[in-house]
Amino acid sequence: MNILGIETSCDETAAAICSDGKILSNVVSSQLIHSEFGGVVPELASREHERLINLVVEESIQRSSINLENINLISVTNGPGLSGALLTGVCFAKGLGLGLGIPVIPINHLEAHIFSNFLAEPNLSYPFVCLLVSGGHTQLWHIKGYEEYELLGETRDDAAGEAFDKGARIFGLKYPGGPEIEKHAKGGNPEAHYFPRGLIDKKSLEFSFSGLKTSLLYFMDTFEETSLIKKRDIIASYQQAIVDTLVEKMERAILMTNVKTCVIAGGVAANKCLRNKLKNSIKDIETIFPDISYCNDNAAMIAFLGEKKSKIIRKDSLGFIIKPNLKLK
Ligand code: KG4
Ligand code: ZN
């Protein structure tokens, strides 16, 4: 079975082909246009998706060496995400599906992020805990089985990705902030300054990152580089505060659920400081990290989950709609 996956929920226009569980192509066009605005401008994102979607889909088909006529099904993200951005992908998918006479199925972006771990480890077995960390979400999930998901905790305010993006803006770095902060933290001393770790003392599995951002804002008001403390030390300390919080809560979730495996997902899961700290802190159970190319928004995860879902859901309706606030549970 050959599946075309389409992803346009935010600022990545992406298409991929999955065939019997294998990713044959994975094309992502990241919209650089938002960089100068310090965040995603929804209207611009929709226009960029509309400009790029056919090119990206064509390239994914070309790179897969499969002919258009041999695609059996299209899976497309219908939420959560920006409404205009989701609309471009969903309308394109429905049009193409009608034209080719093949089914089109909707995919939950969050579920697809979690399932990207099966691309890293096809033998991944239930139950496991997933730390889902992206630009819009910071959640801990107990994945007990297929479609048996329990939300253990989530952020009360900003997502971890937002903390990276807003922090980067304060540091005068570009959007998206995560990779920028990771780059500029290199060689810095993560213990140079202690930033608050939100809700760290609380037993709950909730997160909070808004206080951290405010604390950075005030700190940078008066900060001046000296021979003893450089800006990169502060950037490294800020990154460490986010990572420490995520790892602490992940450890607690593992204890609470008693699982033998934990995984990570979403754009922030690409962060090497997070990966290293998780590897060093969680020794007794299996840790699985998706390939970096499957952490940031991509359509490989949409095609892969599409193939799994195609075996169990109705495929004869184009009646589904976009759901910008779609939840996993
Ligand atoms: O999953 P994703 O691509 O899009 C959403 O579904 O939101 O996540 C994007 C978020 C952004 O906030 C970005 O700054 C962050 O992931 N991110 C990172 C890294 N790469 C992307 N954060 C920390 N370190 C990274 N290397
Ligand atoms: Zn995402």
Side-chain angles (χ1 to χ4, degrees), residues 3-16 18 23 26-35 37 39-57 60 74-97 104-116 119 130 132-139 141 154-155 158-162 164-165 175-178 265-270 290 293-306 309 320-329:
I3 319 282
L4 166 65
I6 295 178
E7 155 64 40
T8 63
S9 64
C10 191
D11 57 342
E12 260 88 27
T13 314
C18 177
I23 302 302
N26 182 27
V27 180
V28 182
S29 173
S30 299
Q31 302 177 356
L32 303 175
I33 195 166
H34 307 286
S35 178
F37 301 102
V40 180
V41 182
E43 170 74 15
L44 290 181
S46 315
R47 287 166 187 253
E48 281 296 280
H49 285 310
E50 210 245 327
R51 187 173 72 80
L52 292 164
I53 186 78
N54 52 331
L55 301 172
V56 168
V57 167
S60 74
I74 300 173
S75 57
V76 60
T77 307
N78 76 320
L82 302 168
S83 34
L86 290 166
L87 268 175
T88 55
V90 167
C91 289
F92 183 92
K94 287 183 181 179
L96 185 60
V104 183
I105 60 170
I107 295 291
N108 182 321
H109 180 85
L110 302 177
E111 192 177 13
H113 267 307
I114 295 171
F115 271 75
S116 64
L119 286 167
C130 179
L132 175 58
V133 268
S134 68
H137 294 81
T138 296
Q139 299 178 323
W141 287 96
E154 64 183 331
T155 184
D158 290 350
E162 254 177 303
F164 274 105
D165 295 336
Y175 175 87
V268 179
S293 59
Y294 299 143
C295 289
N296 288 298
D297 285 352
N298 66 87
M301 63 186 192
I302 306 301
F304 180 76
L305 184 58
K309 293 233 179 261
F320 68 89
I321 55 168
I322 60 154
K323 294 186 175 160
N325 297 318
L326 185 63
K327 304 241 181 307
L328 190 49
K329 214 182 158 216

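Since the structure is predicted, the reported quantities are computational estimates derived from the model, not experimental observations. Along the sequence shown, the residues carry numbers beginning at 1.
Rounding to the nearest 0.5 Å places NZ of Lys327 at 7.5 Å from CD of Glu154. The line from CG of Leu328 to NE2 of His113 is 11.5 Å long, rounded to the nearest 0.5 Å. Taken to the nearest 0.5 Å, the OG1 atom of Thr155 stands 8.0 Å off from the CD atom of Glu162. With rounding to the nearest 0.5 Å, the separation of SG in Cys18 from CZ in Phe304 is 6.5 Å. Note that the CD1 atom of Ile302 and the CG atom of Asp297 stand 8.0 Å from one another [nearest 0.5 Å]. Rounded to the nearest 0.5 angstrom, Ser30 OG and Leu52 CG are separated by 10.5 Å.
Side-chain contact check for Leu87 versus Ser46: every heavy-atom pair is 4.5 Å or farther apart. Leu110 has its side chain within reach of Leu132: a pair of non-hydrogen atoms, C-beta onward, lies under 4.5 Å apart. Contact of the Phe92 side chain with the Val76 side chain is not registered, since no non-hydrogen atoms from C-beta on lie closer than 4.5 Å. With contacts defined as side-chain heavy-atom distances shorter than 4.5 Å, the pair Leu44/Gln31 does not qualify. With a 4.5 Å cut-off on side-chain heavy atoms, Ile114 and Met301 do not count as touching. By the 4.5 Å heavy-atom criterion applied to side chains, Val268 and Thr138 are not counted as neighbours. A 4.5 Å side-chain heavy-atom check between Tyr175 and Asp11 finds at least one atom pair inside the cut-off. Using a 4.5 Å cut-off on side-chain heavy atoms (C-beta onward), Leu305 and Ser75 make no contact.
Side-chain atoms of Glu12 never come within 3.5 Å of backbone atoms of Val28 as a donor-acceptor pair (strictly under, hydrogens ignored). Under the 3.5 Å distance criterion, the side-chain polar atoms of Asn78 are matched with a main-chain donor or acceptor of Ile321.
The two residues Ala160 and Val133 make their nearest non-hydrogen contact at CB-CG1, 4.0 Å. Nearest heavy atoms, Ala15 versus Leu4: CB-CD1, 4.3 Å. Nearest heavy atoms, Asp165 versus Pro176: OD1-C, 3.8 Å. Nearest heavy-atom pair across Pro290 and Cys295 is O-SG, 3.9 Å. Counting all heavy atoms, side chain and backbone alike, Gly136 lies closest to Ala159 at C-CB, 3.6 Å. The two residues Leu86 and Pro324 make their nearest non-hydrogen contact at CD1-CA, 3.8 Å.
Residues that satisfy the ring pair (Phe, Tyr, Trp, His ring centres under 6.0 Å) test with Phe115, not counting sequence neighbours, are Phe118, Tyr146. For Lys309, the salt bridge (charged side-chain N to carboxylate O under 4.0 Å, His left out) partners at least two apart in sequence or on another chain are Glu111, Glu147.
Heavy-atom neighbours of Lys94 NZ from other residues, nucleotides or ligands within 6.0 Å: above the threshold of 12.
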Let's go through Ile74 and Leu96 carefully: what are the C-alpha distance in whole Å and the side-chain angles of both, what is the deciding distance for side chain to side chain contact (heavy atoms under 4.5 Å, CB included) to 0.1 Å, and is it a yes or a no? CA-CA 9 Å; Ile74 300 173; Leu96 185 60; 3.9 Å; yes
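The only option from Asn298, Thr77, Thr13 that meets the side chain to side chain donor-acceptor pair (under 3.5 Å) definition with Glu7 turns out to be Thr77.
Salt-bridge annotation for Arg51 and Glu48: present, with a side-chain N of the basic residue lying under 4.0 Å from a carboxylate O of the acidic one.
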